[in-house]
Amino acid sequence: MTELNHQIAAEGSDAYDPAVVERKWQTRWDERGTNHTDLKDGVRPFYALMMFPYPSAEGLHVGNLFAFTGNDIYGRFQRLQGHTVFEPMGFDAFGIHSENFALKVGTHPAVLIPRNIENFRRQLKRAGLMIDWRHELSTTDPAYYKWTQWVFLELFKRGLAYKKPGAVNWCPVDKTVLANEQVISGHCERCGALVEQRFLEQWFFRITDYAGRLLEHLDWLDWSESTKTAQRNWLGRSEGAELVFRVQDLLEIAGAATVGFNAMRTTAEMSAQTLEIKVFTTRADTVFGATYLVLAPEHPLVDAITTDDQRTEVEAYRDRAARQDIVTRKVNKEKTGVFTGSYAINPATGQPIPIWIADYVLMEYGTGAIMAVPGHDDRDFEFATTYGLPIVRVVANEGENAHTPLREPLLDTEDPARLVNSGRFDGLTVSEAKHAIVSWLSDHHGGKTVINYRLHDWCISRQRYWGPPIPIIYCEKCGTVPVPENQLPVELPYVEDFKPDDTGVSPLARVESWYKVKCPKCGGEARRETDVSDTFLDSAWYFLRYPSTDFPQVPFDKARTEKWLPVNSYIGGNEHAVLHLLYARFVTMVLHEAGHLDFEEPFTKFRAHGHIIREGAKMSKTKGNVVIPDTYIERWGADTFRTYLMFLGPYEEGGDFRDQSIAGVRRFLDRLWSSTVEARRDGAPDPQVLRKLHQTIEKVTEDIPRLSYNTAVAAMMEYINALRQGEREGHVEEVRALVQLVSPFAPHIAEELWERLGGAGSVFDAGWPTFDPALAAEELVTLAVQVNGKTRGTIQVAPEIDQDGALSAAMAEPVIAKFVTTTPKRVIFVKGRLLNIVV
Ligand SMILES: [Zn+2]
Ligand SMILES: [Zn+2]
């Protein structure tokens, strides 16, 4: 007997006290290394990954715990099925969240973060997760980010990291670049400030080169459909055509004005020069209806084609557009624009059409230019109406013709709609015309079929302090020089004043002693890159590091990686569907190509969990309705809290947290406790109860792998009701398997009860109860069937079957049915014994 058991026995009371039980087992797990994974020799390895948290000062959020508990149950279940399960944990501690909070409270993040991590670790341990803490990592640890920098260099070496001036969303309050998805209707997601557009030299990763593969693999990945759909939309593949529009009257423009390109050229040279505007369209079939072109205000040809008359207006418009953020430009309802004064030739009609600029066209998408077809596009229709540009119908539905007026754009032009006003292509269906027109244009005027993606290259520069420095050195002689691998990590220096300022350069650019270095190539004076990398780079590879945290010399050990990766099961929130999950896939593909990994996809299986609300409302700090896990765990115990979280609703949908309902789950564990400690050991278990038990084993065994945790808990509750019906005393063989079934949900109480039932070692090493279909089968009774009082046969039915059920079972037997040739006049049914059909 352990000391605690003595204590419990000495106190005389043997009621369930989660505080005592949970402390006892957490201590014991630590002492015995119960949660340690044998990464080297463990059989049937199973890597159960959860999304590592950002260690906020507020501590573990209930949403974190909801996610982690769901993963923990899955992991523990796999262990009970005979797998060696690895459930690691780490901290995503770099980034703007931490830095802003540090600025707010006036404490350096280097001081704050370890404190927060300490608190998180305490809370995670208290929650009873099966974490192997020996493999904990933090992205802020130089031993970790040394390899984040290595990942950067791997991309750099392969030409996948490059620098260019980029139009970026700039938050004037946070003084940083924001990703498009961090801009919510023109405002900063973090602070609410109106976002501006700036041009900064930024490092980008060429993720767009991988768009096709990132999309194709989704077809075979075992992921939540909602996540795959989000990624497909984000990648935004569209098949279309690139068409070429020649700018007209170049000589005339050149003669009339000083144009943006070389004004010193002779007229003869000018005439030889042809300006071409390429547009991307998914609707090449409507090219005869293109009545004007629109360029993005930043389009490189704008200067060259703008006429003198229009220059003042064009420049004023470009200035205004430059101050807007990118997202607002995408969603802006009001369409504005300016005529450049120039015309281009529509390659299909041969007619000149005006060239405009408008901020609804973005440089980042397609070619930064569109052909406007107001007859068949909402935006273009609106624009043409506003500026009095021609609207031409080129598609007609049934019952319409070339002259039917267009009061609104005709958008639904699926077959059998046919082309009109389109010369030789009149009469073709839309899908026929798409191919025919592109092939005709490509023969005569240039133009080709192309695949376009909505995905942009990944901007990874951050002009902030709290991140891994980008491992690049600039030398006047040698140019851009990667930091040699043996000089990694480039440590982030401790900087007292890390506040970003309006200059748009990183706070590290103020630390001369840090950025002034010798060039690794020539030894001359050089300067470090002072931007740090995006926190999404930290999390794009962390799952590779966990199994290898004990290998300081490599980012990930070859044998370990082969044994443990790809990740068997990854559980996390869909808010990371398009950033983290896409970036992790991209980085894995690159490392695979570089020969470092033998797989291309990091997560074999991914499931998105749902979210919980409280008493019908979204939880928020401002509303003050956030569930603080510590409070609940203290009052109810971790086992109750865990089980309750899983009972709230379908795990992949989430549920409503209600303070009143948690007591019901606690009652269930109380009854499990008393049923076990009071269980009879003599005599035999009740066959009815055993039947229910095996039905429950079957249900829970099917439910857990489907993450249907709420129904599994409901089934166990139902079972304990059956077990204790009429306050009967259970038999030890009726509770033993229940303790095992409950163990993934409520691990501490399960360990304690398992020990009390005489189990040796941890319940998690005791395997899973075997489902016996014979025991689970409903017992059948034999029913004699008579027709007009004469016995004609027997049927096997459930004891509870009713008259209708018995009758249809009897009629299914041909030997009986042949005597019943008309509708029965009367049926006499004696439950469990006799069925007499009177015809
Ligand atoms: Zn902001
Ligand atoms: Zn040099």
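Just so you know, ligand 1 is whichever comes first in the structure, and atom 1 is the first atom listed for that ligand.
Protein-derived N/O/S atoms nearer than 2.8 Å to the Zn ion (ligand 2) total 4, waters excluded.
Judged by distance alone, the side chains of Tyr210 and Glu593 do bring a donor and an acceptor atom under 3.5 Å apart. Using modelled atom types, one finds no donor on one side chain facing an acceptor on the other under 3.5 Å when comparing Tyr494 with Trp514. No hydrogens or angles considered: a donor-acceptor pair under 3.5 Å links the side chains of Thr208 and Asp457. Side chain to side chain, Tyr54 and Asn116 fail the donor-acceptor criterion of an N or O pair below 3.5 Å. Judged by distance alone, the side chains of Glu529 and Trp203 do bring a donor and an acceptor atom under 3.5 Å apart.
For His108 and Phe498, the ring centers sit closer than 6.0 Å to each other.
The local environment of NZ in Lys623 is crowded, with over 12 non-hydrogen atoms from other residues, nucleotides or ligands closer than 6.0 Å.
Between Ile472 and Arg528 the shortest side-chain heavy-atom distance does not fall below 4.5 Å.
Excluding water, every protein N/O/S atom under 2.8 Å from the Zn ion (ligand 1) is given here by residue and atom: Cys171 SG, Asp174 OD2, Cys188 SG, Cys191 SG.
Of the possible donor and acceptor atoms, none in the side chain of Gln149 sits under 3.5 Å from a partner among the backbone N and O of Pro471.
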